[in-house]
> 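Let me begin by handing over the structure; questions about it come next.
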Number of protein chains: 2
Amino acid sequence: MDKEQTATYFSFFTEIGILDQLVSAGLEARLPAGLLMSHFTVINHLVRVGDGGTPLALARAFQVPKTTMTHTLAGLVKHGLAEMRPNPKDKRSKQVWLTEEGRSFRKVAIATAIPVFERVSRKIPAERLAEVLPLLQELRELLDEDRDAKD
Amino acid sequence: MDKEQTATYFSFFTEIGILDQLVSAGLEARLPAGLLMSHFTVINHLVRVGDGGTPLALARAFQVPKTTMTHTLAGLVKHGLAEMRPNPKDKRSKQVWLTEEGRSFRKVAIATAIPVFERVSRKIPAERLAEVLPLLQELRELLDEDRDAKD
DNA sequence: CTCCATTAGTACGATATCGCACTATTAAGT
DNA sequence: ACTTAATAGTGCGATATCGTACTAATGGAG
């Protein structure tokens, strides 16, 4: 791979990182006290993908050590946003379920971001982002598959 | 803003977050022991924007508390990747300068990512990312300006 | 010049994240 | 069935990140 191509990929992912930093910091500042981005992203994942999965599955989905997920889930349970149930199929394991509070928490959190979206939309309408979305999803799936690669 | 537009913005930023998570976790796993993503991103920023700035300026650039930046910079100094000098224009302040080790560390770190870029390039050539890059940069600048917004 | 609000950095305690080691359970080989 | 390897989750100690409070220096008002 030549230098220019490498630079393109690297610049792209650098921008991704900066964007995530800006969005995460902005959203986290609007969350209720005691709740962090990690809590929100887990809740969001459970809504998108469906709940009832195991803590370990969540840890893998987020590329995070399972001990970290244990801690994050404990926080969600403490705030009444999720509940842990024994896994009937495996006595070692558990299931993570959203509560109603968890689902409404997500809605409220997203709602707080709408003013930001509106300011962005003056310069960048939703259609322009929608055009790019498939590329991002394709890229995400590609990197997801690539996780186990050795080098 | 209607529901569909909101969903588009939100999905977009969700993808951004997932992508960053995948890329960061992958790159961090390739860094030398004791060095984290925070160290790499600061080094990278210093190369891109130029060194000699103050710790506080870095903290603001990364949307991070200044105490966090103090800690991260201490790690860079400890590993010989950067050095702190007194700021001749302000005796309260300091300047952060990259060492040669710091610059070569960045090159090595980027090089370890090239295999990933190459696997991605089989499905998504650099040109397709280059097309999208201006949009990401525009979006980043927009969000950057929006930081101080009240609601 | 003096006063004092502001700013740059740090010390310190609290929480988040991580790696390692351990228990309980399951799965696999014989 | 028995033995062993692999898996799911947790306890615990280490480091990262964050919020508060502090010191030193700056800069502006009078």
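Fair warning: this is a prediction, and the values are worked out from it, not measured in the lab. So that the names make sense, note that chain A is the first sequence line, chain B the second, and so on, each numbered from 1.
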> Counting only heavy atoms and a strict 4.0 angstrom limit, can you tell me which residues of residues 50-63 of chain B come near DNA chain C?
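Per residue number, the list reads B/Thr54, B/Pro55, B/Leu56, B/Arg60.
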
> When you check the phosphate oxygens OP1 and OP2 of C/dA16, does a side-chain N or O of A/His71 lie under 4.0 Å from one of them?
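Result: yes.
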
> Below 4.5 Å, heavy atoms only, C-beta onward: do A/Met1 and A/Tyr9 meet side chain to side chain?
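Yes - at least one pair of side-chain heavy atoms lies under 4.5 Å apart.
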
> Using nucleotides 12-14 of chain D, report all nitrogen or oxygen pairs with the protein that are shorter than 3.5 Å.
none

> Using whole Å, report how far CD of B/Gln95 lies from P of C/dG9.
10 Å

> If each of A/Glu28 and A/Thr70 is mapped to the nucleotide of DNA chain D with the nearest heavy atom, which maps nearer the 5' terminus, i.e. the 5' end?
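The residue mapped nearer the 5' terminus is A/Thr70.
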
> Carefully, step by step, assess B/Glu138 and A/Lys123 under the rule salt bridge (Lys or Arg N to Asp or Glu O under 4.0 Å).
CA-CA 9 Å; B/Glu138 187 183 352; A/Lys123 294 277 181 64; over 6 Å; no

> Look only at the side chain of A/His39 and the backbone of A/Leu35, and say whether a donor-acceptor pair between them is shorter than 3.5 Å.
no

> Where along residues 75-94 of chain B does a heavy atom fall under 4.0 Å from DNA chain C?
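Within residues 75-94 of chain B, the residues near DNA chain C are B/Arg92, B/Ser93, B/Lys94.
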
> Checking the side chain of A/Ser93 only, and the main-chain atoms of A/Asn87 only, is there a donor and an acceptor separated by less than 3.5 Å?
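Pair absent, no side-chain N/O of A/Ser93 close to backbone of A/Asn87.
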
> How close or far is atom P of C/dG9 from atom CE of B/Met69, stated in whole angstroms?
11 Å

> Between B/Ile16 and A/Val23, is there a side-chain heavy-atom distance shorter than 4.5 Å?
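No; the side chains remain at least 4.5 Å from each other.
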
> Is there a side-chain contact between B/Arg128 and A/Leu135 (heavy atoms, below 4.5 Å)?
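Result yes, sub-4.5 Å side-chain heavy-atom pair found.
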
> Take the protein atom CG of A/Leu73 and the nucleotide atom P of D/dG9, then report the distance between them rounded to whole Å.
9 Å

> Using atom types as modelled and distance alone, determine if a side-chain donor or acceptor of B/Thr8 lies under 3.5 Å from a backbone N or O of B/Glu4.
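It does hold such a pair.
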
> Hey, what's the ring geometry for A/Phe10 with B/Phe40, parallel, tilted or perpendicular (30° and 60° as the breaks)?
perpendicular

> Which distance, rounded to the nearest 0.5 Å, do you find between the CZ of A/Arg106 and the NE2 of A/His45?
12.0 Å

> On the nucleotide D/dA16, are OP1 or OP2 found under 4.0 Å from the side-chain N or O atoms that B/Thr72 carries?
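No, B/Thr72 has no side-chain N/O under 4.0 Å of OP1/OP2 on D/dA16.
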
> Ignoring hydrogens and angles, tell me if any N or O in the side chain of B/Ser38 forms a donor-acceptor pair with the backbone of B/Thr72 under 3.5 Å.
no

> Is A/Phe12 reachable from A/Leu142 through a run of hydrophobic residues whose side-chain heavy atoms are each under 4.5 Å from the next?
yes

> Starting at atom CG of B/Leu35, determine the distance to atom P of C/dC18, rounded to an integer number of angstrom.
16 Å

> Select one nucleotide: of C/dC18, C/dA16, D/dA8, the one nearest the side-chain heavy atoms of A/Lys66.
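The answer is D/dA8.
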
